[in-house]
There are 2 protein chains.
Amino acid sequence: MSSLRNPVTSGHPQARISDVARRAGVSVGTVSNVLNRPHIVADPTRQLVHDAIEQLGFVPNASARQLRAGASRTAGVLVLDISNPFFMEVARGIEDRLIEDGLTMILSSSDGDPGREQMILDTFAQQRLRGVLLTPSQRTVDHLERLTDQGTDVVFLDHRPRAKGFASVVTDDAAGGRTAVAHLLSLGHRRIGFVNGPLSLQQCRARQTGARRAIRAAGGAAELVEQQVETLDAAGGEAGMARLLAGNPDVTAVFCVNDLVALGAMRHARACGLALPEELSVIGYDDVSFAGELAVPLTSVRQPTYQLGWSAADLLLTEAAPRPVVFQPELVVRSSTGPASRRGERSEPRLSTTGGGALE
Amino acid sequence: MSSLRNPVTSGHPQARISDVARRAGVSVGTVSNVLNRPHIVADPTRQLVHDAIEQLGFVPNASARQLRAGASRTAGVLVLDISNPFFMEVARGIEDRLIEDGLTMILSSSDGDPGREQMILDTFAQQRLRGVLLTPSQRTVDHLERLTDQGTDVVFLDHRPRAKGFASVVTDDAAGGRTAVAHLLSLGHRRIGFVNGPLSLQQCRARQTGARRAIRAAGGAAELVEQQVETLDAAGGEAGMARLLAGNPDVTAVFCVNDLVALGAMRHARACGLALPEELSVIGYDDVSFAGELAVPLTSVRQPTYQLGWSAADLLLTEAAPRPVVFQPELVVRSSTGPASRRGERSEPRLSTTGGGALE
DNA sequence: CATGCTGCTTGAATCCGTTCAATCACGCAA
DNA sequence: TTGCGTGATTGAACGGATTCAAGCAGCATG
């Protein structure tokens, strides 16, 4: 509990609103009015107060203000993974919209851990925030009670809650999953791998639904080989791809639940000496900024990422009735996907440098 | 100023600490003690209070708490660019360390705009935060007065302030710049481009210093061609590279001030039909996660990113006396750099698809 | 039996703004 | 002259916790 002491400490303690009032020769009520409803204060008085504020270096205390006023000027944002460019682009959209209304953003990452999520939501609840935007790592909304109880508005990001009446902004992930797999089918692939994340995440579940639907639509000819991973990042993708190929050397294409996973999957494929897309096609999801610049430019399903965040914040700030907003995804074809090849006929997978159990 | 109304609103207004006290049959002081110094409360009493809290769904009001106690449980973080993976990795380190002590993080991005920076720091000041970690977009520390005045501790991220007595965590950028250019020199390059960012950013200035030092150490043989860009992202890198090559078709290697800029630079080089690294070597800085996975795996100067953030937060939480912490960068050689070639002899640059003025 | 000590609990004062009913000043109409 | 309306200003109550001097009970000691 020690404290750095910084050098720029000027002597005076810290002006309160009453100091300003005294200096300006007005009442505290008037100072408060200057701060919050300047239009009802007479011009000369307002000037007086501004001068006093300037001279004393007065900075209003947000806690005191909020305690009385009830309403906070910040919104909380809880994402699954702070180091996923997708979420940061969303966060950027949120912040830009919030700042238009002079709000600030508290950003935290649950890392997909429900315990950590709970803890973060608890501190959010204590802050009596203006609103909370979140991508939950669980399927229930029960643990949001604490928030809604005290009037904090909730907007779901990239998640459509089962319970009616919550605001949410999502991309149609089922459509996205369908599109991705349909693209692979159209290239002639028949045995298709799907490296998916935890099904407790709605995104994963919806993309799975879409993927299966596409397979079903193709009739009995096609097959989806699903492989679960724990973490939605490159390490997860690498491990998932290793397990998938180990058990199913004959898949000719792989749909990865997001681009980071696809990145890891491609890393593994390269380590195995597989040529992309000649021997193996890979498609990702999100179309993160660098997807087009990779060793093998990644085919992906684009979400309107920034727009997603911006709309979520806008929903929070301007809408009276909670409603769901749905965006449509868009296929972006690059070179990581190509026509199905004969590789499926080879007898066994080549040497894998990353062991199949290397999930970390 | 309307408000979403979420459905999960249970009737009761919102329990205060006095409600808990009444329910538990103790005084408010005791409830407060259970919350803040549980060890001084007798076991049975503590249990009583916990039960009451549970039954009433009591959530302490952070504003009221902070108003009286003075100390906040959050730290503010201000970075230059929220969508740069480098800063997000830093933020992850910060948050992990903060959460160990039960603090939360307010994260904002100045986008390198001093005006926006000022505004964000103002709201930070109003919150009476426990501490602020920031990468400033200006060189002065004057505008931090408001913060330090009210006892908010400041730690600089990736920036070593001129003023003595501030805590800071940096990588030795001069050494990094020197290393980068020395690497290019060792490969035989003599005319070396340097796509740098605004010199108001200390990182840019320090890397410049190091780069120049390396050139000077090489004697008169080598030359550094500097090109400034406004924004430290891929778009900036693309534009900067275009301008650099337009004016200096004979450079055989380019040092980019960070990896995003390098990404843009390589994009432009590819658009020009230049082969990397045969015709042009490119080296970046930061070694972001995907640097090794790019079309041409990027040689870069690695910073201990996560560690940088973690240490900064640790400094804030545990150190009494402000001090600077300096990490050493590390060269990571990949395939985007190679021996100098004869390309410099060609008469003029090839067609550029992105115009030289495409800075946006 | 008086005294001191320890450990626990109490309750009023306090933190710093916002809010709103009450007051005031002033000009105009009756 | 009185009365009224309007616009500006005042000041006290209030929000929900923390803090701390004071009180209290119980036990050990002299």
Side-chain angles (χ1 to χ4, degrees), chain A residues 1 12-50 52-53 56-73 123 125-129 149-151, chain B residues 1 12-50 52-53 56-74 123 125-130 149-151:
Chain A
M1 282 298 150
H12 50 243
Q14 178 59 225
R16 298 188 301 285
I17 203 174
S18 59
D19 298 323
V20 175
R22 193 170 325 115
R23 178 88 167 219
V26 300
S27 73
V28 295
T30 299
V31 177
S32 176
N33 282 337
V34 170
L35 261 30
N36 302 296
R37 304 121 88 184
H39 53 278
I40 73 159
V41 179
D43 275 0
T45 314
R46 190 168 353 131
Q47 195 52 51
L48 237 43
V49 172
H50 276 141
I53 287 177
L56 295 171
F58 168 73
V59 178
N61 182 321
S63 299
R65 179 191 291 234
Q66 176 178 340
L67 173 58
R68 185 65 239 256
S72 156
R73 305 291 299 160
T123 74
Q126 297 185 9
Q127 318 231 38
R128 308 295 198 269
L129 299 172
D149 270 3
Q150 54 221 14
Chain B
M1 280 300 148
H12 50 242
Q14 179 59 225
R16 297 189 301 286
I17 202 174
S18 58
D19 298 323
V20 175
R22 194 172 323 114
R23 178 86 165 221
V26 299
S27 73
V28 294
T30 298
V31 177
S32 176
N33 282 336
V34 169
L35 260 31
N36 302 296
R37 304 119 88 184
H39 52 279
I40 73 160
V41 179
D43 274 1
T45 315
R46 190 169 352 131
Q47 195 52 52
L48 235 44
V49 172
H50 276 141
I53 288 178
L56 295 172
F58 167 72
V59 178
N61 183 321
S63 298
R65 179 192 291 238
Q66 176 179 341
L67 174 58
R68 182 64 239 248
S72 153
R73 306 289 301 158
T74 45
T123 74
Q126 297 185 10
Q127 319 233 37
R128 308 294 197 267
L129 298 172
R130 171 75 180 74
D149 270 4
Q150 54 221 14

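Protein chains get the first letters and strands the later ones, always in sequence-line order, with residue 1 at the start of each.
- Applying the salt bridge (Lys or Arg N to Asp or Glu O under 4.0 Å) test to residues at least two apart or on different chains, the pairs with a partner in residues 30-44 of chain B are B:D43-B:R46.
- Listed by chain and number, the residues in a side-chain contact (heavy atoms from CB on, under 4.5 Å) with A:A69 amount to none (sequence neighbours excluded).
- In the helix from C:dC1-D:dG30 to C:dA30-D:dT1, the rotation axis of the first five pairs and that of the last five pairs differ in direction by 60°, rounded to 10 degrees.
- Across the protein-nucleic acid pair, A:I40 atom CD1 and D:dT9 atom C1' stand 9 Å apart, rounded to whole Å.
- Side-chain N/O atoms of A:T30 include one lying less than 4.0 angstrom from OP1 or OP2 on D:dT10.
- Remark: B:S27 engages B:T30 in a side chain to side chain donor-acceptor pair (under 3.5 Å) (not counting sequence neighbours).
- With A:N33 as the fixed residue, the side chain to side chain contact (heavy atoms under 4.5 Å, CB included) test singles out one of A:V49, A:I40, A:T45: A:I40.
- Residues meeting the side-chain contact (heavy atoms from CB on, under 4.5 Å) test with B:S32, sequence neighbours left out: B:I17, B:N36.
- Bracketed by its first and final contacts, the part of DNA chain C lying under 4.0 Å from non-hydrogen atoms of chain B reaches from C:dC8 to C:dC16 in 5' to 3' order.
- Residues forming a side chain to side chain donor-acceptor pair (under 3.5 Å) with A:S72 (at least two apart in sequence, or on another chain): A:T74.
- Applying the salt bridge (Lys or Arg N to Asp or Glu O under 4.0 Å) test to pairs two or more places apart or on separate chains, those with a residue in residues 21-34 of chain A are A:D19-A:R22.
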Scoring nucleotides 15-24 of chain D by protein non-hydrogen atoms under 4.0 Å (B base, S sugar-phosphate only, - none) yields BBBBB-----

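- Taking both residues in full, the closest heavy atoms of A:V28 and A:S18 are given as CG1-CA, 3.7 Å, listed atom of the first, atom of the second, then distance.
- Side-chain N/O atoms of A:T45 include none lying less than 4.0 angstrom from OP1 or OP2 on D:dA8.
- In this structure B:A62 satisfies the side-chain contact (heavy atoms from CB on, under 4.5 Å) test together with A:Q126, sequence neighbours excluded.
- Residues that satisfy the side chain to side chain donor-acceptor pair (under 3.5 Å) test with B:Q66, not counting sequence neighbours, are A:S63.
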